[in-house]
Amino acid sequence: MLLQILDCDYVYLNNKTIVRFFGKNEHNEPICAFYEGYYPYFYVIGDNEKITKFLEQNFKNDILKIEEKEKYLLFYNIKRNVLKIYLFDPSKTSAIRDELRKLSFIEDIFEADILFKYRFMCDHDIGGFSWINIKCVPTRTSTVKVKTVNALKIEKVNENKDISLKTLAFDLETSFDDSGVDPENNEILMISLVFSEKFNGSDSLVLVSKRIGGKDVIGFESEKQMLEKFVDIVNEFDPDIMTGYNIQNFDFPFLIQRMDILGVCKKFGRCNRKNVFCMKIGSNINRTSISGRIIADSYDMIRKEEKINPKMRLKRYGLGDVSLAFFNETKIDVSYSQIPKLWNGSKEDILKIVEYCRKDSVLALRILLEKRLLDKHIELSKITGTLLQDILNGGETIRIETLILKEFNSRNFLLPCKPIKSEIDKRIEQRNKVGLKGAFVLEPKPGLYNKYPIIVLDFHAMYPSIINKFNICPTTIIKNPEKYDKNDMNESPIGAFFIKKEIKNGIIPDILRNLLKQRSKTKKIMRTEKNEEVLRRLYSKQLGLKIMSNSFYGYMGFIVSRLYVMDIANSITSYGRSMIKDVKSDVEKRYDVNVIYADTDSLMIESNSNDIDKTFELGEKISVEISKDLGEDILLEFEKVFKSFFILAKKRYSGLEISKSDTGFKYKIEMKGIETVRRDWCNLTSESQNEFLNIILKEGNIKKAINYIKGVLLDLKSGNVPIEKLIITKGITKKILSYKVIQPHVEVVKKMQMRNPVDSSFMYDKRIDYVITKGVGLISKRAEDPKYVKENNMKIDSEYYIRNQLLPPLERMLSALGVDKSELFGSDKQTSILSIINNKKSKPSFRGFICIKCNKEFDRIPLIGICECGGEIKLLTDKGTVDRL
DNA sequence: TGCCAGCGGGG
DNA sequence: GTGTACGCTGGCA
C-alpha cells in the first residue's frame, strides 16, 4: 500500500512501542499504519564499563540492549567509541538521560532529546509528506477511527503527486460579560462549520445552543448537546486540516474548556484513545493537538507570511481587515456589543448572529485556501522531513534540526543534544567576553542623490556562499591547527581554521550545495512548465529551498543551537565584512565611482553617467568583472538601478527604482526603515510622507515637496482634512476603571459610556478610534470619538496633528535635505510653538520642557499635558523657563 | 543603544 | 509526549 504521511505519533502498549502513521493512500483514503518493533535509543561517551554497570544497577528493566559503536563528533576528524543505549519505552529516555548527566564518568550524551517519531522517521529516511510503500496486513482496532493496517515493512518511495487535503473551518460565538470572556463563566452560543467539500449536501452548518431552525442551521436544547454534535460532525466529515481565525488562542482553548466543564467527550481526532489536548504555553500562547489532524490557523499563518513577504504587511490583522485587504470583502456588520441583545431577541435577530458566525468561518477558510497559505509550509515539510503540524507550530529550529539529524546520521556523525542551562550560560559568558561582531554597514552621508543614477549590487546568497566556499561547518573546524598543513586549511579573518573541501566536505556545506542544486533544478523546470497548479507548487518549492539555505547561518550562531560554535558565527560574518569592504575599495579604484552606501551584502554605487543605458551597462560590467575575481562560489549580482536615492541614515532610505519594460521605463518607489504603516500614525501621516517622497524622488523638486507639506498644514488648520485621515487607534485591554494613567483612548471610552450608558458593553470593542479635538486642557481629555466629532461639528486640534503626527517623520527627512524647518512655516508668528520647536537647531537657546513643580525635564511634552507629579510644564531655554502657548 | 513591559487576535 | 514554547514595538534609562 502507498501512503503519504500527514502525521505520526506512537503508543506504548505491553512493553512495545507502536509507531503510527496517519496519512492517505493514492485514492485519498485516510489510513493509519501501525509499525511495531522499533525501539528508542541514544548515545553516551565515557567510561563504558562504569556506564554499563550503572545502567544495569539502576535501570535494568528499562534497557533493551547496549552496543558499542564508532562515531564521528563535532570538529574535524574526531572519531570516538560510544555506547548506543536502546530502551523499551521512549518516555523513559529523558529521565535516564538526566540521571546519566549527573555522573562523573560520563563525558557527553548524544541524541537523547530527539522525539521518538523523528527518531523513527530519520532512520527510515522519511518525514512529513513522504510517500511510503508499506507491506502490510489489515487489522481491526477500535483505537483509531480510520482504516488501519499493520505495517511489516516501510519503504520510502519517490512519488511526485500530493494527496488532497480535506479542510474544516470553524468559529465560535460566545456569551461575555463585563469582565470579558472566560469559559468558567460564559458559554458557547453557536459554532459555525464550513467544509472544503460538501458534507451531507451542505457547504456549511451552524450549530446553535437554542431551539432554532433554518437553512443549514441546527438548534439544540443545550450547549452540551451542541458540542456533542460538533464532535460527531468533525468525526464524520473527518478533515485533515482544521482551520479558523485565531483558533489556537481563542476558539480551541475555549471549546476544550467548555467540553471539560460540561463533560463532553473530547475525542475528535483520528485516535479514539487520545483527547484533543490544549495547553497554555507561555503567557499568551496556546497549542492544541489533535492526533491525525493538522491545525492550521489562518491568523497565525498570515502573521508568519507578513514576516517573509513585506507586501502582505497590514496595519491591523483582524479578520475584517484581512478580508478587506485580500478579497475586498467585509465581515457581516454585527458588533460585539449587539450580540447579547440579538441573542435574547427574535428568531431573525438570532439568525443574524448565525450568518455572522458562518461568514467568519467562510472567510477564514477562503484566506487559507485562496491565498494558498499552506503551499510553502508543505514544501518545507517535504524538504526537511518535519511534520506539517510541527512546521506550523515551530520556527526555523525544528526544520533545521530534523534535516541535520538525517544528514549527520547518514555520514556516521552524532548530533549533540540541545544545550542544558549551564551550557547556555557558558556560551553567553563566552560570547560576552569575545563578542559577536555583525555585518558591515557603511555610514552614509544623508541626503538626496539624484544627479547620477545609483547602481545596486549585491552578493547572491552571501552567507550560504561563504559557508560553501570556505567549507565552514562544525564538522570541519579544526581544534589543533598546528597539527595540520596550512595548505589544507582555510583560515578565516578572525583566525579560525577549517579543513579545505578538497580534503573533506563539511556536512552543512554539503546540505547547502544540495539545496541550491535542487533550487536551480526546480527553477529550470518552472521555465517550461505550463500547468498553473504545478507551477505554484514549484514556486513554493524553490522558495522553501531558499528559506532553508538562508537559515543555516542563523542556526549556527543561535545560542541554543545544537551546532553552536562561536568561532563559526564570527568567521562567517568576518568573511562577509572583508568581502564587502574589498569590493568597495576595488570598485572605487577600478571604475572611478563612489560607493555611497553598503549594508551586509549590498552596495549602492553612484554611476559616473546620467545616461540610464550606460548605467545599466556599467552595473552589468562591474557585476561580471568583480564576480570573476571573487572566484566561482561567490557571485556579485547587478540587482537594480535607482534613478534617485534618498538616504536618511543607516538602514533608512528610499529609492526610485527604474527598470526597462517593453514600452520604455518603469518606476517603482522602494522604502526601507521609514514606513509609517503603523497603527499609531494616522493615515494623513503615511499619505503625506509618501507624497513628499514621491515629489522628492520623481521630480527632485524640494521646494515643491515643501510646498506640498505647507498645503497639508494649511488644510489641517482650515479643517479641510477629512476626519477619516486623522483617526488614531489604540486598544482597550482591561477594565476602564483600572486604568491609572490618563490616556486618550480610555478617555474616549469614558465619554462614550457617559453619553450612552444603556449600551455599556461596547467598551469591549477593544480597538478605539479617536481624534484629538481643539480646546483647552489635556490632550487625553480632548480625544473624541470620530463619529461624535462629525455629528457635532467639532474642530480638530490641528497643532496637535502637526506636532505629533506630521512633523516627527518629516523632520529627519528635512534635515537630510539640508532644509531649515522654518521654511515650512515662514515668518508666521502665529504658530509660535511650532516655530520654536522647528527652530530647535538654529536657536540653541531651546533646551526642552520642564516641570515647574518638580523640575523634571522632558524632551517632549508628556501626552497628558502635565508632569507625572501634577506640576505644570513650561518651556526650558538657556535663559530660563517660558510659558507654553 | 539596549532592556523591559505590554500587546496582539478572538467574544 | 525523549516536547517547557512568540515577536514586535514603544517607552525609558
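Quick caveat, the model's predicted, so the values are computed rather than measured. We name chains A, B, ... by the order of the sequence lines, and we start the count at 1 in each one.
- Ion pair Lys102(A)/Asp98(A) not flagged as a salt bridge, since none of the NZ, NE, NH1 or NH2 atoms sits closer than 4.0 Å to an Asp/Glu carboxylate oxygen.
- One interatomic measurement links the two molecules: OH of Tyr38(A) to P of dT2(C), which rounds to 12 Å at whole-angstrom precision.
- Taking atom CZ on Phe277(A) and atom C1' on dT4(C), their separation rounds to 11 Å, with Å as the unit.
- One interatomic measurement links the two molecules: CZ of Arg287(A) to C1' of dG3(C), which rounds to 12 Å at whole-angstrom precision.
- In this entry the distance linking CG of Asn393(A) with P of dC6(C) reads 12 Å, nearest Å.
- Comparing dG11(B), dT2(C), dG9(B) by their closest approach to the side chain of Ala112(A) singles out dT2(C).
- Inter-residue side-chain proximity for Arg366(A) and Glu329(A) is flagged as met; some heavy-atom pair is nearer than 4.5 Å.
- Candidate nucleotides dG9(B), dT2(C), dA5(C) were compared by shortest atom distance to the side chain of Met279(A), and dA5(C) ranks first.
- Neither OP1 nor OP2 of dC6(C) sits under 4.0 Å from any side-chain N or O of Arg303(A).
- In this structure, Phe254(A) and Ile188(A) have side chains that are in contact, with non-hydrogen atoms separated by less than 4.5 Å.
- Look at CE on Met301(A): it is 16 Å from C1' on dC6(C), rounded to the nearest Å.
- Of the listed nucleotides (dG11(B), dG3(C), dG9(B)), dG11(B) has the atom at the smallest distance from the side chain of Asp171(A).
- Comparing atom distances between the Lys418(A) side chain and each of dT4(C), dG3(C), dG10(B) picks out dT4(C) as nearest.
- The CG atom of Leu405(A) sits 14 Å away from the P atom of dT2(C) (whole-angstrom rounding).
- With dG8(B), dG11(B), dG1(C) as the choices, the nucleotide that has an atom nearest any side-chain atom of Val181(A) turns out to be dG11(B).
- Side-chain proximity of Leu115(A) to the nucleotides dG11(B), dG9(B), dG1(C) is greatest for dG1(C).
- Residues Phe250(A) and Ile285(A) both approach DNA chain B. Their nearest nucleotides, taken by heavy-atom distance, put Ile285(A) toward the 5′ side.
- Nucleotide dG11(B) holds its P atom 13 Å from the CG atom of Asn186(A), rounded to whole Å.
- Straight-line distance between the C1' atoms of dC6(C) and dG9(B): roughly 13 Å, to the nearest whole Å.
- Residue Lys117(A) has its side chain nearest to dG1(C) when only dT2(C), dG1(C), dG11(B) are considered.
- The base of dG9(B) is not paired with the side chain of Tyr245(A) by any donor and acceptor separated by under 3.5 Å.
- Judged by closest nucleotide on DNA chain C, Ser94(A) is the one of Ser94(A) and Gly395(A) placed further toward the 5' end.
- When every heavy atom of Arg97(A) is checked against every heavy atom of Ile109(A), the shortest pair comes out as O-CD1, 3.8 Å.
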Side chain to side chain contact (heavy atoms under 4.5 Å, CB included) between Lys267(A) and Lys274(A), worked out: CA-CA 7 Å; Lys267(A) 293 185 173 66; Lys274(A) 288 187 181 176; over 6 Å; no
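- Using a 4.0 Å cut-off between charged side-chain N and carboxylate O, Asp425(A) and Lys421(A) make a salt bridge.
- At whole-Å resolution of the value, OH in Tyr317(A) and C1' in dG7(C) are 13 Å apart.
- Among dT2(C), dG8(B), dG10(B), the nucleotide with an atom closest to any side-chain atom of Tyr299(A) is dG8(B).
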